[in-house]
Structure formats: C-alpha cells, structure tokens
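Reviewing the structure listed below.
Naming convention: chains lettered A, B, ... in sequence-line order (proteins, then strands); numbering from 1 in each chain.
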Number of protein chains: 2
Amino acid sequence: MATIRDVAKLACVSVATVSRVINKTGYVHADTRHKVEAAVKQLNYTPNEVARSLYKRKSRLIGLLLPDITNPYFPQLARGVEDEMQKNDFRIIFGNSDENHRKEQEYIQTFIQNNVVGVISSTNDPNSDTYSKLKIPVVFLDRTSTDSPSVYSDGREGGRIAAREMISRGSKRITVMQGPVHIRPAQDRFQGALEVLEENKISYNVIQTTSFSFAEAELWAKELFDKHLDTDGIIASNDIVATAVLHEAHRLGRRVPDDVQIIGFDDIPLSALLSPSLSTIHQPAYEMGRQAAGLLIKLIQEGFVEHRNIQFPVHFIERDTTRKVEHHG
Amino acid sequence: MATIRDVAKLACVSVATVSRVINKTGYVHADTRHKVEAAVKQLNYTPNEVARSLYKRKSRLIGLLLPDITNPYFPQLARGVEDEMQKNDFRIIFGNSDENHRKEQEYIQTFIQNNVVGVISSTNDPNSDTYSKLKIPVVFLDRTSTDSPSVYSDGREGGRIAAREMISRGSKRITVMQGPVHIRPAQDRFQGALEVLEENKISYNVIQTTSFSFAEAELWAKELFDKHLDTDGIIASNDIVATAVLHEAHRLGRRVPDDVQIIGFDDIPLSALLSPSLSTIHQPAYEMGRQAAGLLIKLIQEGFVEHRNIQFPVHFIERDTTRKVEHHG
DNA sequence: TTGTACGCGTTATCAC
DNA sequence: GTGATAACGCGTACAA
C-alpha cells in the first residue's frame with residue numbers, strides 16, 4: 001500500500017513528478033524518470049484507483065446488470081462483456097436483477113455511488129427514468145430501446161424461422177410456448193411465431209409460462225402434454241423449457257422427432273449435447289456481450305457512436321429434435 | 001450528484017452535521033435532523049462511496065474471482081455469493097480467471113487498487129503469495145487451503161460414492177475420467193473413485209481430460225468409446241462431460257443404463273432434465289456460495305471466525321443413467 | 001524540467 | 001449540539 005508520496009520521497013522528487021511518469025503526461029527528464037521507475041518498482045507501487053476516481057470523478061468501473069446469471073443464456077453474455085472490458089482495462093461490478101424493478105434501482109444507485117463510467121443492463125423497461133436520468137452512457141443488452149444504444153438479436157424473425165421450420169417439416173398441430181409477458185425478447189419470438197402460423201393457417205395452441213426457471217420448466221412441460229397430448233410440434237420459449245419438454249416427451253413415450261418435433265431458442269451450449277440434440281434458434285450471445293461492451297467503451301471514450309443499435313441475425317440450428325426436410329426434385 | 005456540501009447549504013447547517021445524521025453518529029437535535037433529512041430528500045442525495053472509501057481506506061466492494069462463469073457449475077456459486085453480499089450491502093467486482101495465473105494476479109491487483117474489503121476466489125494455488133501477502137480477508141471457494149478460510153465440498157468422498165454406486169449397480173469394467181490435473185477438486189474426486197475401485201479390485205481404466213469445456217467434452221467422450229468400447233460404467237469428471245458421454249453413448253447405440261451406466265458430478269440444474277436424467281454426485285453449489293460470502297463478511301466485520309473451513313457433504317442423486325440397485329432379502 | 005498547493009467528497013477530531 | 005478543518009491519495013494548474 002505504498003502511496004505516491006512514498007515513491008516521491010524515495011526517488012527524491014515531488015509527487016507531481018511521480019504522477020507525470022506514472023501517467024506519461026508532461027515532460028520529465030530521462031534520469032528522473034529512471035529514478036522514479038526504480039522507486040516504483042522497489043516499493044511495488046500501484047496507484048490507488050479510489051483516489052484517482054475521486055479526483056477525476058470517474059472510475060475504470062462499469063456496472064453490469066443481468067436478470068439471473070443462473071439462467072444458462074446469461075453467462076455467455078456476461079463472458080462476452082467481461083472479456084472485452086478486461087481487454088480494455090475496465091472492471092465490472094455485477095448484479096442480478098431477478099427482473100425486479102426495486103433490485104434494479106438499488107444496483108443502478110450503487111453503481112452511480114461508485115462512480116462507474118457506464119452501465120450495461122438487460123432491463124425490462126429501458127425507457128424508465130431510472131435510465132434516462134443517468135448522466136453516464138448506458139447500453140441495453142438483449143433488450144431494445146429506441147432512444148438508447150442497444151445490442152440484441154432479431155427475436156421476431158427467430159420466432160418466424162422456428163414456425164417456418166416446424167411447418168416445412170410437417171407439424172400440423174403446433175404448440176407455441178409463450179414466455180413471460182414482461183420479458184420483451186420472449187414476446188418478440190412468440191409474436192414472430194404466431195405471425196407465420198396464422199399466415200399459413202396452421203392450427204396451434206398456446207401455453208403461457210411466467211418464468212425461465214429450471215424448476216418451473218418441468219411444470220410447463222407437464223401442463224403442455226396434459227392439455228395438448230396430440231400436439232406434434234412444440235416451439236419452446238427457450239432452450240431450458242425445450243429441454244424440459246424433451247424430457248417430458250420421453251417420459252410419456254412420445255418419440256422425438258417422429259411423433260413430435262421440438263425447437264428451442266438461444267442455443268445454449270448444452271443444447272448440442274442433449275439426446276436427441278436440440279434443434280434451436282441460435283443467438284450469438286457471447287458476441288452480443290462483446291459488442292455491447294465495445295459500444296459502451298466507445299461511448300465512454302468518444303461520447304458518441306454512429307450505430308447506436310446493433311441487431312444480430314439469428315438462425316436455425318438443425319439438430320435432431322426436428323425431422324429432415326423433404327427435398328422434392 | 002449532489003454532495004454533502006449542497007445538502008449542508010440547503011439545510012443551513014455544516015457538513016459535519018449532515019455527516020452525523022447520514023451516519024447516525026453523534027448527537028444531533030431532532031429539529032436539525034429533520035431539516036437535514038428534508039434537504040437530503042429534496043436533493044436526492046446519496047453519499048459518494050468513492051470519497052468514503054478513500055477516507056476510510058475501505059469500500060463496500062468485494063472481489064469475486066471464478067474460473068469461468070460459462071461453466072454451468074459456477075453461476076450457482078456466483079449467485080449464492082451475490083445474494084448474500086447483496087443482502088449485506090456489499091457489491092461485487094467480478095472476474096473470470098480461466099485458471100490462468102496471470103489473469104488472476106491482474107484481477108487481485110485491481111481489486112486491491114479499488115479498496116475491496118475482501119476476496120472470494122476459486123484459485124488453483126491458494127497458497128501462492130498472491131494471496132498470503134494480501135492484507136484483507138480471503139475466502140477460497142470450491143478450493144481447499146490449509147491456512148486460509150475455505151468453503152468446499154468433500155470431493156474425495158464424492159468420488160468414493162460414485163465408485164461404490166457403480167459397483168453396487170453391477171458395472172464390471174469401469175472407466176474413470178480424470179479431470180484436469182491442476183484442478184484440485186477434479187483430482188480429489190478422481191482419487192476417491194480409484195481408492196474404492198482398487199479396494200474392491202474392480203477392473204478400470206482412465207481417460208485423462210484437460211478441461212471442462214463444452215467443445216472438448218465431446219472429444220473426450222469420443223476418445224473414451226474409441227478406446228474402451230466395452231466399458232460398462234463411466235464415472236465422469238463432471239456433469240458436462242457426463243452429458244457429452246451420454247450423448248455419444250446414444251449415438252453409438254449403447255443403451256444407458258442397461259449397457260453402460262454413467263455418473264456425473266456437480267448436479268448442475270440441467271442434469272435432471274436430460275433424457276435419461278443424469279445420476280450424479282450433488283454439490284450444494286448455491287449454498288456453498290452463500291456460506292463463503294457469509295464467512296467473508298464475518299471475517300471483514302469481526303476479524304475472525306471460529307470455523308475457518310466449511311466442508312459440505314456431497315451425496316448421490318439417483319436418476320436414470322444408473323440401474324436400480326438390487327435389494328436382497 | 002520540476003515543485004507547490006489546491007480540490008475531488010467524506011469522515012473524524014477537535015474546539016466552541 | 002454544532003461547526004471548522006485536517007486528513008484520505010491523487011492529478012493538475014501554476015509558479016519557479
């Protein structure tokens with residue numbers, strides 16, 4: 001815990017000079033620089049970030065707010081953010097919001113108190129004044145906001161793709177699982193699916209779910225087969241739910257994909273390892289995290305960016321919970 | 001961004017008085033307190049944590065260092081830590097170490113620079129002087145250290161249990177997957193398994209793996225069946241690898257658990273949703289995270305704890321990748 | 001090229 | 001009960 005003073009004393013110079021060599025700012029004679037560098041090394045000195053932060057009124061910290069790191073989709077986002085931030089010497093204060101407005105505000109509050117220079121958030125109301133009042137850049141991740149920078153994927157198109165693939169692979173009585181209504185991306189994919197289903201006049205029904213939790217996923221799955229045992233195609237709200245559905249289908253002796261096809265959403269790492277492996281809509285979560293971080297950094301350093309909204313395309317990953325499409329001709 | 005000065009001015013008192021009411025320290029007349037409280041409310045004032053931290057030389061921040069949040073075991077630990085910390089008004093600076101010594105040191109370094117009051121780390125060498133030199137409390141999580149507080153589970157016993165269950169369920173030619181050699185818990189469970197296997201003179205072979213990554217898990221699984229197609233029981237190094245093995249077994253048409261039994265380790269949330277669901281050794285990850293946080297908080301606040309090492313028992317979760325044990329009599 | 005002195009926002013120690 | 005004021009460690013005018 002040596003301070004700049006200790007270094008100055010040891011090197012027989014003033015703190016100003018030490019500061020200059022540390023920050024490579026202003027002129028300093030080569031000899032004195034060497035003296036200072038030696039002292040720094042000897043004392044194992046590193047600048048106190050807190051003092052820096054206080055003086056400059058900004059830190060090297062950013063706030064990251066995710067709904068729940070326990071949901072396998074988010075670690076990938078988090079990791080993308082972390083890698084990019086780490087590379088640029090920013091550190092992350094992390095919190096889980098549980099999609100809970102109060103917790104969210106508490107975190108944003110303490111982020112500010114700690115002089116974070118930016119925030120990345122997956123919130124359900126990006127337009128609340130919790131964010132608009134902030135004087136530091138905010139990037140919404142996995143969420144859309146018209147007037148703030150955001151990084152997300154095309155959920156609606158994802159829903160459409162899922163429905164199209166279901167149809168082209170011959171499902172006739174489709175069940176669409178509608179994710180939690182307050183989670184925007186969940187609704188987007190749901191709407192996208194309905195759109196295509198109605199366009200094609202396919203008969204479908206809906207199972208409403210209210211969370212993405214593991215524990216409840218099994219319940220939705222049971223409810224689904226309870227109400228619609230004859231369904232022959234299931235568009236799940238995400239991969240966790242899809243996995244639960246697959247599990248339940250097995251338990252009931254329904255063959256996948258022969259009797260019933262299943263399509264998930266997200267393409268979490270484990271999807272490929274299921275048996276049968278899960279067909280799903282891929283979101284580039286890690287890359288989304290990286291880009292969000294990149295965007296935020298640019299915003300922090302340059303104050304603006306050309307493209308405030310980055311939408312990633314999604315695509316269908318064909319695995320073994322869907323049948324092979326028949327090629328005619 | 002009102003400061004304590006603004007509040008003082010508005011309330012027509014000195015900053016000292018404001019500080020007293022904020023921190024509930026020292027005497028202050030009821031009337032003045034009300035005036036101050038009103039001013040605080042009106043200005044929406046919250047104390048600047050950075051200034052506080054600078055003066056007190058300690059923050060409300062703790063550092064959390066985990067190998068890789070993308071490995072499904074760690075989000076649970078992280079969540080446990082976070083919940084407990086959040087409840088006690090501590091915030092978390094989070095980093096992934098990738099089991100990489102340099103990255104680890106970098107993080108510890110910046111933790112210190114930011115005045116964190118404690119560190120929770122899953123490191124591979126808890127005894128390095130990176131930690132022993134630290135002047136703040138450290139708790140090792142999912143790792144053991146003789147002379148520092150640590151929270152972990154009984155991996156060795158876990159390995160023993162896995163082997164016993166394998167044997168009692170009739171496997172004769174067992175393959176044990178040895179996790180990365182530098183990761184202590186992986187070696188513990190491996191050793192535990194060998195111990196029981198040798199005691200019982202069961203024939204076994206070993207597949208050496210060097211990571212827990214999803215991508216590579218599939219490779220180890222292929223290698224396993226490539227080398228030991230006739231194996232009838234597999235003790236995997238964790239649930240990810242077990243899942244890959246299960247997947248590969250299916251692909252090769254080997255029936256699980258009839259032809260080959262599989263036991264994982266960790267009991268990550270998805271294990272229950274696999275088909276067949278995965279028998280595994282359960283570690284109470286969330287609770288371990290919570291306890292580690294609790295331990296650290298106590299260390300921070302009281303400087304010592306009675307029980308520095310908290311070892312959690314593990315237990316077998318019987319699911320469908322193992323056969324039912326035969327009860328005689 | 002280098003040093004002095006002030007301010008960043010708080011808290012704590014004194015006086016009053 | 002309350003108010004000045006000196007730290008905490010750093011960066012930067014400004015003076016030298």
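The separation between Arg5(A) atom CZ and dC10(D) atom P is 9 Å, rounded to whole Å. When the C1' atom of dG11(D) is taken as reference, atom CD of Glu49(A) falls 13 Å away, rounded to whole Å. Between the CG atom of Asn114(A) and the P atom of dT10(C) there is a distance of 13 Å, rounded to whole Å. One can place CZ of Arg33(A) at 12 Å from C1' of dT1(C), the figure rounded to the nearest angstrom. Rounded to whole Å, atom C1' of dG9(D) lies 14 Å from atom CE of Met1(A). Summarising the geometry, the separation between CG on Leu54(B) and C1' on dT11(C) is reported as 11 Å, rounded to the nearest angstrom. Straight-line distance from the NZ atom of Lys9(A) to the P atom of dG3(C): 15 Å, rounded to whole Å. Rounded to an integer number of Å, the gap from NZ of Lys35(A) to P of dT2(C) is 8 Å.
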Contacts under 3.5 angstrom, residues 82-95 of chain B side chains, donor-acceptor by atom type, not counting sequence neighbours:
{"residue": "Glu82(B)", "atom": "OE1", "partner": "Asn96(A)", "partner atom": "ND2", "Å": "3.4"}
{"residue": "Glu82(B)", "atom": "OE2", "partner": "Asn96(A)", "partner atom": "N", "Å": "3.1"}
{"residue": "Glu82(B)", "atom": "OE2", "partner": "Tyr107(A)", "partner atom": "OH", "Å": "2.2"}
{"residue": "Asp83(B)", "atom": "OD1", "partner": "Arg79(B)", "partner atom": "NE", "Å": "3.0"}
{"residue": "Asp83(B)", "atom": "OD1", "partner": "Arg79(B)", "partner atom": "NH2", "Å": "3.2"}
{"residue": "Asp83(B)", "atom": "OD2", "partner": "Tyr286(B)", "partner atom": "OH", "Å": "2.5"}
{"residue": "Glu84(B)", "atom": "OE1", "partner": "Arg290(B)", "partner atom": "NH1", "Å": "2.9"}
{"residue": "Gln86(B)", "atom": "OE1", "partner": "Tyr107(A)", "partner atom": "OH", "Å": "3.3"}
{"residue": "Gln86(B)", "atom": "OE1", "partner": "Arg91(B)", "partner atom": "NH1", "Å": "3.3"}
{"residue": "Gln86(B)", "atom": "NE2", "partner": "Glu106(A)", "partner atom": "OE1", "Å": "3.2"}
{"residue": "Asn88(B)", "atom": "ND2", "partner": "Glu84(B)", "partner atom": "O", "Å": "2.8"}
{"residue": "Arg91(B)", "atom": "NE", "partner": "Thr110(A)", "partner atom": "OG1", "Å": "2.9"}

Which atom pairs, one a donor and one an acceptor, fall under 3.5 Å between side chains of residues 135-144 of chain A and the rest of the protein, sequence neighbours left out?
{"residue": "Asp142(A)", "atom": "OD1", "partner": "Tyr73(A)", "partner atom": "OH", "Å": "3.2"}
{"residue": "Arg143(A)", "atom": "NE", "partner": "Thr123(A)", "partner atom": "O", "Å": "3.0"}
{"residue": "Arg143(A)", "atom": "NE", "partner": "Asn124(A)", "partner atom": "OD1", "Å": "3.4"}

Show the atom names and distances, to 0.1 Å, of all donor-acceptor pairs under 3.5 Å that link a side chain in residues 24-37 of chain B to residues at least two apart or in another chain.
{"residue": "Thr32(B)", "atom": "OG1", "partner": "His29(B)", "partner atom": "N", "Å": "3.3"}
{"residue": "Thr32(B)", "atom": "OG1", "partner": "His29(B)", "partner atom": "O", "Å": "2.7"}

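Side-chain nitrogen and oxygen atoms of Arg52(B) include none within less than 4.0 Å of the OP1 or OP2 phosphate oxygen of dG9(C). Distances shown here put a side-chain N or O of Ser14(B) below 4.0 Å from the OP1 or OP2 atom of dG3(D). At the phosphate of dT10(C), neither OP1 nor OP2 sits under 4.0 Å from any side-chain N or O atom of Ser53(B).
By the salt bridge (Lys or Arg N to Asp or Glu O under 4.0 Å) test, Lys58(A) pairs with no residue at all, sequence neighbours left out.
Not one N or O on the side chain of Asn114(B) forms a donor-acceptor pair closer than 3.5 Å with the backbone of Phe111(B). With hydrogens and angles ignored, the 3.5 Å screen pairs no side-chain donor or acceptor of Ser97(A) with any backbone N or O of Leu65(A). A donor-acceptor pair under 3.5 Å is formed between the side chain of Asn100(A) and the backbone N or O of Lys103(A).
A salt bridge does not link Lys56(B) with Glu49(B): every distance from a Lys NZ or Arg NE/NH1/NH2 to an Asp or Glu carboxylate oxygen is 4.0 Å or more.
Note that the two end axes of the helix from dT1(C)-dA16(D) to dC16(C)-dG1(D) enclose an angle of 50°, each drawn from 5 base pairs, rounded to 10 degrees.
In the set dC10(D), dT2(C), dG9(C), the nucleotide with an atom closest to the side chain of Thr32(A) is dT2(C).
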List, with names and distances, any nitrogen or oxygen atoms from the protein found under 3.5 Å away from nitrogen or oxygen atoms belonging to nucleotides 12-15 of chain D.
{"residue": "dT12(D)", "atom": "O4'", "partner": "Tyr55(A)", "partner atom": "OH", "Å": "2.9"}

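Nucleic acid contact for Val13(A): sugar-phosphate only, since backbone atoms but no base atoms lie under 4.0 Å from a heavy atom of the residue.
Considering only heavy atoms from C-beta on, Pro269(B) stays 4.5 Å or farther from Thr70(A) through its side chain.
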